[in-house]
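Numbering of residues begins at 1 and proceeds along the displayed sequence.
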Amino acid sequence: MARGTASVTVTLELEAGNASLMTLGKMLGPTGVPPFEVKRKYDAATADRRGEIIPAVITIDARKRWTMRLKTPPTASLIRAALGQPGSPQPGHKAVGALSRDQVRRIAIRKLPDLNTTDVDAAMRIVAGTARSMGVRVED
């Protein structure tokens with residue numbers, strides 16, 4: 001994009017391979033970007049990861065040209081998938097399960113491109129904090 005042009009950034013969390021056209025229409029309608037084009041590109045890019053929630057950052061410039069960047073799934077959804085159940089309704093009071101250090105490491109490595117660290121141990125601490133806030137214990 002040229003320097004000095006106005007741009008709009010829209011972040012969406014959509015189901016991989018099956019984006020909701022209604023959600024896209026609500027978020028992209030005011031920007032003038034055709035939601036069906038975004039859906040087609042998003043679904044093609046995420047078809048191999050069906051069932052996951054994949055965030056997409058869509059940047060729209062003043063000429064209505066748009067680019068899409070895919071991010072890694074939210075940490076909470078990766079923890080839920082590893083655990084096989086949702087988080088606790090009362091985190092800190094009721095634990096719903098436990099993750100092993102190996103599971104936390106796999107999640108941290110997968111999330112590393114979107115985290116504000118390049119160190120796997122720091123990423124593991126971030127993932128462990130998210131797990132604790134969901135009522136999930138991390139075992140050594």
Honestly curious: do I126 and L78 fall in one hydrophobic cluster under the side-chain, below-4.5 Å linking rule? no
Quick test of your reading of the model: are D43 and R50 salt-bridged, counting only N-O distances below 4.0 Å? no
Do you know the tightest heavy-atom contact between T72 and R110? CG2-O, 3.3 Å
Minimum heavy-atom distance G17-Y42, with the two atoms named: N-CE2, 4.3 Å
Same apolar cluster (I L V M F W Y, side chains within < 4.5 Å links), V10/L70: yes
Starting from the C-alpha separation in whole Å, work towards a yes-or-no answer on salt bridge (Lys or Arg N to Asp or Glu O under 4.0 Å) for R80 and E52. CA-CA 11 Å; R80 279 193 300 268; E52 293 182 350; over 6 Å; no
Do V138 and L112 belong to the same hydrophobic cluster, where Ile, Leu, Val, Met, Phe, Trp and Tyr are linked whenever their side-chain heavy atoms lie under 4.5 Å apart, directly or via other members? yes
Are E37 and K64 ion-paired here, with the side-chain N under 4.0 Å from a carboxylate O? no
Could you state whether M124 and M134 fall into the same hydrophobic cluster, counting links through intermediate Ile, Leu, Val, Met, Phe, Trp or Tyr residues with side-chain heavy atoms under 4.5 angstrom apart? yes
Shortest non-hydrogen contact from G135 toward P91: N-CB, 3.8 Å
Nearest non-hydrogen partners of S100 and Q103, listed with the distance: N-OE1, 2.9 Å
Any heavy-atom pair between the side chains of L24 and F36 that's under 4.5 Å? no
Less than 4.0 Å between a side-chain N and a carboxylate O, is that true for R106 and D102? yes
Would you find a donor on one side and an acceptor on the other, under 3.5 Å apart, between the side chain of K39 and the backbone of L21? no
For R137 and L99, run side chain to side chain contact (heavy atoms under 4.5 Å, CB included): C-alpha distance rounded to whole Å, both residues' side-chain angles, the deciding distance at 0.1 Å, then the answer. CA-CA 6 Å; R137 289 179 287 113; L99 292 175; over 6 Å; no
Do S20 and E15 have side chains that get closer than 4.5 Å, going by heavy atoms? no
Enter the distance from L12:CG to L14:CG here, rounded to the nearest 0.5 Å. 5.0 Å
Can you tell if the side chain of W66 reaches within under 4.5 Å of the side chain of T59, non-hydrogen atoms only? no
When you group the ILVMFWY residues by side-chain heavy-atom contacts below 4.5 Å and let the links chain together, are V127 and I53 in the same group? no
For the residue pair I60 and R65, establish whether any side-chain heavy-atom pair is separated by less than 4.5 Å. no
Between I109 and V120, does the side chain to side chain contact (heavy atoms under 4.5 Å, CB included) criterion hold? Intermediate values first, please. CA-CA 7 Å; I109 289 171; V120 175; 4.1 Å; yes
Does some side-chain heavy atom of K41 sit less than 4.5 Å from a side-chain heavy atom of I58? no
Hey, are the side chains of M68 and V57 touching, using non-hydrogen atoms and a 4.5 Å cut-off? no
Verdict with reasoning, E13 to T23, per side chain to side chain contact (heavy atoms under 4.5 Å, CB included): CA-CA 10 Å; E13 289 190 2; T23 303; over 6 Å; no
State, with a plain yes or no, whether a side-chain heavy atom of P73 is found less than 4.5 Å away from one of I54. yes
Non-hydrogen side-chain atoms of I79 and T130 separated by less than 4.5 Å: yes
Evaluation steps, side-chain hydrogen bond (donor to acceptor under 3.5 Å, both in side chains), between S7 and D61: CA-CA 4 Å; S7 66; D61 68 4; over 6 Å; no
